Number of protein chains: 2
Amino acid sequence: MRTSDLIGDLVSVNHRLTRLAAAATDNAESPAVWRTLSVLRDLGPMRLGELARVSRVSQPTMTKLVHALGDRGWVRRIPDADDARAWLISTDPRGLAALAAWREELAGALAPTFDDLDDAERAVLAQAVDILRSRLERADQPARATQPAASA
Amino acid sequence: MRTSDLIGDLVSVNHRLTRLAAAATDNAESPAVWRTLSVLRDLGPMRLGELARVSRVSQPTMTKLVHALGDRGWVRRIPDADDARAWLISTDPRGLAALAAWREELAGALAPTFDDLDDAERAVLAQAVDILRSRLERADQPARATQPAASA
DNA sequence: AGGTTCGCATAGCCCAACTATATAGCCGTG
DNA sequence: CACGGCTATATAGTTGGGCTATGCGAACCT
């Protein structure tokens, strides 16, 4: 299979899975909330602008998101001691708890669709997640401009 | 790994991939357009309401989408001979061409991220797509109420 | 010290998604 | 065969995430 067809199929099935996930929970929260919390959980505290680049949204969008998350107590905005303009954004334990709860709810809602996976299929999906994650993180590197990649 | 964690990771990485895809092309079209065309291409012509259920959007949302697609000549609205209220929605060759062009553009934009996949990784991703597709289609069955599943 | 660049905030827009409701055609029943 | 109820799509109006353009203050660099 050509790589370009694979990418097309991947993104298409992705969009359908996204809709299924959105429809499966009557949850009021948006993907943006969980995406942001996941990024912070996986990559640690970072500045607002960097968070925007890694999340692939514009800086104003991230400003709104972080404010909304801060109002709910799900993230903390820590003044950057080195730069009075900047903030470090960090998860709050309540945010991580909310994220975990959402994952549980989602898994429960999608269980009827996926609970007949056998071990081999689970392994394939887990590997696919790892592959995608590695490529996404590499694609994030240019966005995390703080530490320039040490060219070997 | 617990299935619920797997599902959470899958959806999370999904959301990040969606953002990457959205940011990668300066494309003006929305995911909804390509999702709808993909469904019609894969499953064939169907009524508007059924298309809405399979696409996991509300019927009014699909009405707007189909009108927009019809205006661009990307789908055809065929009066249902059996029911004057209903339409059969079908892809137009121009819609399929647009879909193919988008897939090419997307693949080109994401190539830098994915062109170092080796054969084993490509195979894993292709299998993952198949697994997800099969489960999504099974989840669609209740939505395609027209032909009741022939219980063996 | 002054101009430029950088980091975040604000303003205003667009569009996809939703709910609620309207319109119109089918269908069964007395 | 008229009428009530259901079904299929359309319309109205709202919400909310995303964007671009721009403002404002802090940092940086001559």
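Everything numeric in this text was worked out from a predicted model, so none of it was measured. Chain A is the first sequence line, chain B the second, and so forth, proteins listed ahead of strands; every chain is numbered from 1.
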Review point. Taking it one step at a time, do A:R19 and B:S55 satisfy side-chain contact (heavy atoms from CB on, under 4.5 Å)?
Key: CA-CA 7 Å; A:R19 289 305 307 159; B:S55 297; over 6 Å; no

**Study point:** CA sep, side-chain torsions, deciding dist, call: A:L88, A:R47, side-chain contact (heavy atoms from CB on, under 4.5 Å)
**Key:** CA-CA 5 Å; A:L88 283 178; A:R47 290 184 170 193; 4.0 Å; yes

Practice item. Could you go through the salt bridge (Lys or Arg N to Asp or Glu O under 4.0 Å) check for A:R135 and B:D116 one step at a time? Key: CA-CA 9 Å; A:R135 296 312 191 282; B:D116 68 333; 3.0 Å; yes

**Study point:** side-chain contact (heavy atoms from CB on, under 4.5 Å) between A:E121 and A:D118, worked out
**Key:** CA-CA 5 Å; A:E121 289 172 323; A:D118 61 34; 3.3 Å; yes

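One interatomic measurement links the two molecules: CG of A:D83 to C1' of C:dG7, which rounds to 7 Å at whole-angstrom precision. In this structure, CZ of B:R47 is placed 11 Å from C1' of C:dG25, rounded to the nearest angstrom. At whole-Å resolution of the value, CG in B:D82 and C1' in C:dC27 are 14 Å apart. B:W87 places its CH2 atom 13 Å from the P atom of C:dC26, with the value rounded to the nearest Å. One can place NE2 of A:H67 at 12 Å from P of C:dA11, the figure rounded to the nearest angstrom. As rounded to whole Å, 18 Å separates atom C1' of C:dT10 from atom CZ of A:R85. The distance from atom CG of A:L51 to atom P of C:dC8 is 10 Å, rounded to the nearest whole Å. Between the CG atom of A:D80 and the P atom of C:dG7 there is a distance of 11 Å, given to the nearest Å.
Between B:W102 and A:S12 the shortest heavy-atom distance is CZ3-OG, 4.3 Å.
A 4.0 Å heavy-atom criterion places the boundary nucleotides of DNA chain D facing chain B at D:dT7 to D:dC19, written 5' to 3'.
Put simply, A:R77 has a side-chain N or O that comes within less than 4.0 Å of OP1 or OP2 on C:dA9. Within the 4.0 Å cut-off from OP1 or OP2 of C:dA16, not a single side-chain nitrogen or oxygen of B:T61 is found.
A:P60 comes within contact range of at least one nucleobase, with a heavy-atom separation under 4.0 Å.
Of the listed nucleotides (C:dA17, C:dT19, C:dA9), C:dT19 has the atom at the smallest distance from the side chain of B:S58.
Place A:A86 and A:R19 on DNA chain C by their nearest nucleotides, and A:A86 ends up nearer the 5' end. Of the two residues near DNA chain D, A:P31 and A:A84, the one whose nearest nucleotide lies more 5' is A:P31.
Contact check for A:R103 versus B:S4: no side-chain heavy atoms found under the 4.5 Å cut-off.
For the atom pair A:R56 CZ and B:T18 OG1, the distance stands at 12.5 Å (nearest 0.5 Å).
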